[in-house]
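A short write-up of the structure that comes next.
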Amino acid sequence: MKKFTTIFVLAVALAFTACNSDKKSEQEIDSLNQTSADSLLNAALEADTTLTDSVVVDSLAN
C-alpha cells in the first residue's frame, strides 16, 4: 500500500507540473499583442492605400 501511495503522489505531482508548463510570461504576451496590433495596422494601411490607388486610376481613366 505504501508503494501505491508513493506512486500516486508522484503521478499527481507530474500531472500538476504538466498542466502549468505552457504558461506564457508577460513579455511573451506583450510581444504577441504587439505583433497582432502591427498586423492589423498594416492590413488597415494596405486597405486604405488600395482604395486611394483605385480612385487615382479611375480619375485618370476619365
Side-chain angles (χ1 to χ4, degrees):
M1 187 69 178
K2 233 180 191 179
K3 284 184 182 180
F4 176 73
T5 305
T6 304
I7 291 173
F8 181 74
V9 168
L10 286 174
V12 169
L14 289 174
F16 280 122
T17 303
C19 290
N20 293 327
S21 65
D22 60 344
K23 287 189 176 182
K24 294 185 180 359
S25 69
E26 284 293 320
Q27 186 176 11
E28 289 173 320
I29 292 170
D30 289 344
S31 175
L32 291 173
N33 287 340
Q34 184 64 42
T35 302
S36 178
D38 288 344
S39 176
L40 289 172
L41 178 63
N42 289 338
L45 290 174
E46 181 65 31
D48 187 38
T49 304
T50 304
L51 181 63
T52 304
D53 290 344
S54 66
V55 170
V56 170
V57 171
D58 289 342
S59 298
L60 293 175
N62 292 333

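Note: hydrogens, waters and symmetry copies are ignored here, and every other heavy atom, side chains too, is used.
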Spacing of CG belonging to N33 relative to CD belonging to E28, to within rounding of 0.5 Å | 12.0 Å

For Q34, enumerate each residue passing the side chain to side chain donor-acceptor pair (under 3.5 Å) test, keeping only those at least two apart in sequence or located in another chain.
-> D38

Answer yes or no: is there a donor N or O on one side and an acceptor on the other, between the side chain of S39 and the main chain of T35, under 3.5 Å?
-> no

For residues 4-15, dump all side-chain donor-acceptor pairs below 3.5 Å to protein atoms at least two apart in sequence or in another chain.
from	atom 1	to	atom 2	distance (Å)
T5	OG1	M1	O	3.0
T6	OG1	K2	O	2.9

Between CD on residue E26 and CD1 on residue I29, distance to nearest 0.5 Å | 5.0 Å

